[in-house]
Engineer: 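Have a look at the structure that comes next, please.
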Amino acid sequence: MLDRALLRDPDGQARLRDALARRGEDPAVVDQLVELDRERRALIREVDELRTRRNQVSREIAGLKASGKHEEAEQRIAESQELGERLKSLEARRRELEEAFEKAWLLIPNIPHETVPVGPDETANVVVRTWGEPTTFDFEPRPHWELGELLGILDFDSARNMSGSRFVTYRGLGARLERALIQFFLDVHTREHGYTEIFPPILVREEALVASGHLPKFREEMYHMPADDLYLIPTAEASLANLHRDQILDEQQLPLHYTAYTPCFRREAGAYGKDVRGMIRVHQFNKVELFKFTLPEQSYEELERMLQHAETILQRLGIPYRVVALSTGDLGFAAAKTYDIEAWAPGQKRWLEVSSVSNTEAFQARRARTRVRRADGTVEYVHTLNGSGLATPRTFIALLENFQQPDGSVIIPDVLRPYMDGLERLTPEAKPTRS
RNA sequence: GGAGGGGUGGCCGAGUGGUCGAAGGCGGCGGCUUGCUAAGCCGUAGCCCUGGGGAAACCGGGGCCGAGGGUUCGAAUCCCUCCCCCUCCGCCA
């Protein structure tokens with residue numbers, strides 16, 4: 001959510017129109033919002049004036065009653081009654097306007113940072129840097145779904161049976177490798193990057209998702225549990241953004257760095273027919289998230305650091321990747337600036353997004369009412385940042401596809417071996433043990 | 001799931017319809033005073049919305065006693081719904 005003060009002067013309105021245009025959205029809504037806000041404030045003023053009078057009369061009544069002047073009191077009561085009736089209808093109208101404004105305002109996306117490349121969609125994204133060389137093979141590399149089945153570590157059939165398409169069962173050393181990845185990520189971020197580990201609730205209320213920016217905009221993406229009116233989180237970001245909701249933090253507390261492993265749940269409602277093979281796009285996946293609360297003036301340097309923290313993981317694993325700055329047309333709803341990290345998947349000869357690192361500036365903080373009290377006593381919104389560090393399925397994919405051998409076996413990266421009892425290689429012969 | 005008890009300012013806590021600025025204490029901040037690991041005295045105070053052409057300062061109005069409605073001339077105080085916490089019972093990983 002943006003500062004509504006933007007609507008009150010021509011400069012702010014122009015910024016807003018420009019922001020929407022850069023994102024490829026219709027700037028015309030700004031005029032409606034300006035008008036709605038004007039009406040809203042006019043009504044607030046009217047209601048407040050009436051209340052001022054009623055408060056005055058009310059005080060007089062109390063005084064008159066206390067001094068036994070009942071007849072005069074009766075007169076004032078009649079007056080107050082009349083004020084009350086007028087107030088009632090005005091207040092109802094005011095509520096309607098507030099709600100209408102709020103509803104529309106919650107759907108306005110963040111303003112892209114000035115450094116974000118302008119363009120209509122992902123084709124305008126800019127590759128910032130590439131790390132490593134795309135892996136080459138002297139044989140035709142297999143895609144991960146073939147490797148997974150061959151190694152007996154990914155079982156798409158059983159997942160389809162129990163849950164439908166876009167689910168996956170990890171089995172044997174596959175399940176072990178998944179767990180190793182999660183633990184490796186968390187260990188690096190907590191031990192070396194200074195993040196505090198969190199394991200948050202995975203079912204959250206609507207208001208939590210409004211605060212994180214996922215609702216009301218992305219309702220179709222969300223799994224909802226009607227019996228208790230709770231939602232499965234689409235990312236740990238949704239939970240972590242609520243860690244300090246309705247709080248005023250002390251300046252010295254910032255920045256706060258959190259990391260959390262959680263499963264994530266997405267309906268992928270708009271992705272019919274896209275990435276259906278394998279586990280590139282699944283309804284349930286694991287992710288280790290990074291999240292920061294920072295002072296406004298520090299958020300962009302913290303964004304670069306967070307990006308480095310995520311890149312570190314791929315470097316340690318030895319997986320080639322590139323960093324992409326998203327263009328205005330590809331930017332997420334809540335983000336002011338986003339870098340994606342894309343790992344090379346040679347089995348499919350494509351780049352796969354394994355991490356998305358964003359600065360939402362005050363967009364989430366305003367929704368969550370997370371503020372900071374400066375040394376001089378002033379209060380303002382903090383900035384929040386989020387990033388994947390990393391999402392496992394696609395990292396798992398990149399690992400299999402990059403380190404595969406002609407016989408279908410896969411070399412396990414050094415850094416993961418301690419988590420795999422020293423195992424160096426997954427081999428097709430390694431049949432899963434019955435449990 | 002059943003029964004009961006609660007949610008008041010950073011914290012503790014009083015307050016059951018009227019003089020509004022929510023008692024008091026702790027803690028915070030400012031000041032004064034006394035030199036003795038600190039005490040005493042005085043003062044001050046939050047957040048949100050909104051107005052005074054914009055910004056800062058400043059000044060004003062409204063709102064905030066878990067949330068939202070309602071009753072009433074007037075609600076922290078009465079009623080309803082929801083949320084949260086606690087205790088006991090039941091069930092359960």
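Basis for what follows: all heavy atoms, side chains included, without hydrogens, waters or symmetry-related copies. Letters go in sequence order (proteins before strands), and every chain restarts at 1.
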Engineer: In this structure, how many angstroms lie between the P atom of B:G18 and the CD atom of A:Gln81, rounded?
Structural biologist: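 So the two atoms are 19 Å apart, to the nearest Å.
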
Engineer: How many Å lie between CG on A:Leu43 and P on B:C49, as a whole number?
Structural biologist: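 Taking CG of A:Leu43 and P of B:C49, I get 18 Å after rounding.
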
Engineer: Any salt bridge between A:Glu289 and A:Lys287, counting N to O under 4.0 Å?
Structural biologist: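 Between A:Lys287 and A:Glu289 there is a salt bridge, with a charged N closer than 4.0 Å to a carboxylate O.
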
Engineer: For a quick test of reading the model: is some side-chain N or O of A:Arg45 closer than 4.0 Å to OP1 or OP2 of B:C49?
Structural biologist: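 False: A:Arg45 side-chain N/O out of range (4.0 Å or more) of B:C49 OP1/OP2.
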
Engineer: Taking A:Asp18 first and then A:Arg15, would you say they form a salt bridge - that is, a charged N and a carboxylate O separated by under 4.0 Å?
Structural biologist: no

Engineer: Taking the same atom, P, in B:U50 and in B:G27, what whole-Å distance lies between them?
Structural biologist: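 One P to the other, the span is 38 Å.
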
Engineer: Quick one: label A:Arg76 by what it contacts on the DNA or RNA (base, sugar-phosphate, nothing), any heavy atom closer than 4.0 Å.
Structural biologist: nothing

Engineer: Report yes or no: do A:Thr338 and A:Ser358 form a side-chain donor-acceptor pair below 3.5 Å?
Structural biologist: yes

Engineer: Whole angstroms only, please: what is the CD-P distance between A:Gln247 and B:G46?
Structural biologist: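 Nearest whole value for this atom pair: 20 Å.
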
Engineer: OP1 or OP2 of B:C47 versus the side-chain N and O atoms of A:Arg371: is any pair under 4.0 Å?
Structural biologist: no

Engineer: Look through every strand shown and name the nucleotide pairing with B:G60 as Watson-Crick or G-U wobble, where both distances are under 3.5 Å.
Structural biologist: B:U50

Engineer: Using the salt bridge (Lys or Arg N to Asp or Glu O under 4.0 Å) rule, take A:Asp31 and A:Arg17 through it: C-alpha gap first, then chi angles, then the decisive distance, then the call.
Structural biologist: CA-CA 9 Å; A:Asp31 297 315; A:Arg17 279 195 201 91; 2.8 Å; yes

Engineer: Can you tell which of A:His244, A:His189, A:Glu197 makes a side-chain hydrogen bond (donor to acceptor under 3.5 Å, both in side chains) with A:Tyr258?
Structural biologist: A:His244

Engineer: In whole Å, what is the span from the CG atom of A:Asp246 to the P atom of B:C83?
Structural biologist: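 In whole Å, B:C83 P and A:Asp246 CG are 18 Å from each other.
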
Engineer: Applying the Watson-Crick and G-U wobble criteria at under 3.5 Å, what pairs with B:U87? Answer none if nothing qualifies.
Structural biologist: B:A3

Engineer: So which nucleotide does B:G28 pair with, by the Watson-Crick or G-U wobble rule with both distances under 3.5 Å?
Structural biologist: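 WC or wobble partner is B:U44.
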
Engineer: Salt bridge or not for A:Glu79 and A:Arg76, using N-O below 4.0 Å?
Structural biologist: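 Answer for the salt bridge query: yes.
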
Engineer: Over all strands shown, is A:Val57 touching base, sugar-phosphate only, or nothing at heavy-atom distances under 4.0 angstrom?
Structural biologist: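 Nothing: the residue A:Val57, judged by heavy atoms under 4.0 Å, touches no strand.
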
Engineer: Please measure how far the P atom in B:C65 lies from the corresponding atom in B:U77, and state the result in whole Å.
Structural biologist: 8 Å

Engineer: Heavy-atom nearest nucleotide on RNA chain B for A:Arg40 versus A:Glu82: which residue maps closer to 5'?
Structural biologist: A:Arg40

Engineer: Which base sits across from B:A23 as a Watson-Crick or G-U pair, both distances under 3.5 Å?
Structural biologist: none

Engineer: Tell me the interatomic distance from A:Arg8, atom CZ, to B:U50, atom C1', rounded to whole angstroms.
Structural biologist: 8 Å

Engineer: Taking the P atom in each of B:G6 and B:G90, what is the distance between them to the nearest angstrom?
Structural biologist: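 To the nearest whole Å, 24 Å.
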
Engineer: Take atom CG of A:Asp11 and atom P of B:G54, then tell me their distance rounded to the nearest Å.
Structural biologist: 14 Å

Engineer: Salt bridge between A:Asp157 and A:Arg160, side-chain N to carboxylate O under 4.0 Å?
Structural biologist: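 Yes, charged N to carboxylate O under 4.0 Å.
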
Engineer: With rounding to the closest Å, how many angstrom separate the P atoms on B:C80 and B:A3?
Structural biologist: 16 Å

Engineer: Taking only the P atom of each, what is the distance from B:C32 to B:G13 in whole angstrom?
Structural biologist: 35 Å

Engineer: Within the pair A:Lys88 and B:G69, is there a side-chain N or O less than 4.0 Å away from OP1 or OP2?
Structural biologist: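 No.
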
Engineer: What distance, rounded to whole Å, do you find between the two C1' atoms, one in B:C92 and one in B:A76?
Structural biologist: 40 Å

Engineer: Using a cut-off of 4.0 Å between protein heavy atoms and nucleotide atoms, how would you tag nucleotides 59-68 of chain B 5' to 3' with B, S and -?
Structural biologist: --BSS-----

Engineer: Does A:Arg40 reach the main-chain N or O of A:Leu97 with its side chain, forming a donor-acceptor pair under 3.5 Å?
Structural biologist: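 No; zero donor-acceptor contacts below 3.5 Å.
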
Engineer: I need the CZ-C1' distance between A:Arg367 and B:C48, as an integer number of Å.
Structural biologist: 18 Å

Engineer: With P as the reference atom in both, quote the distance from B:U33 to B:A56 in angstrom, rounded to an integer.
Structural biologist: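 Straight-line distance between the two P atoms is 37 Å.
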
Engineer: Taking a pair as Watson-Crick or G-U wobble with both distances under 3.5 Å, which nucleotide is matched to B:U81?
Structural biologist: B:A67

Engineer: Any salt bridge between A:Arg281 and A:Glu353, counting N to O under 4.0 Å?
Structural biologist: no

Engineer: Just to be sure I understand the rule, does A:Ile248 reach a base, reach only the sugar-phosphate, or reach nothing, if contact means heavy atoms closer than 4.0 Å?
Structural biologist: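 If one applies the 4.0 Å heavy-atom cut-off, A:Ile248 turns out to touch the sugar-phosphate alone, with no base involved.
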
Engineer: For A:Arg205, answer base if it contacts any base atom (sugar-phosphate contacts may also be present), sugar-phosphate if it contacts only those atoms, and nothing otherwise; contact means non-hydrogen atoms under 4.0 Å.
Structural biologist: sugar-phosphate

Engineer: Considering only the C1' atoms, how many Å lie between B:G69 and B:C26, rounded to the nearest integer?
Structural biologist: 36 Å

Engineer: Considering every strand shown, what is the Watson-Crick or G-U wobble mate of B:U37 when both distances are under 3.5 Å?
Structural biologist: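 By the stated definition (distances under 3.5 Å), nothing pairs with B:U37.
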
Engineer: When both hydrogen-bonding distances must be under 3.5 Å and the geometry is Watson-Crick or G-U wobble, what is B:A55 paired with, if anything?
Structural biologist: none

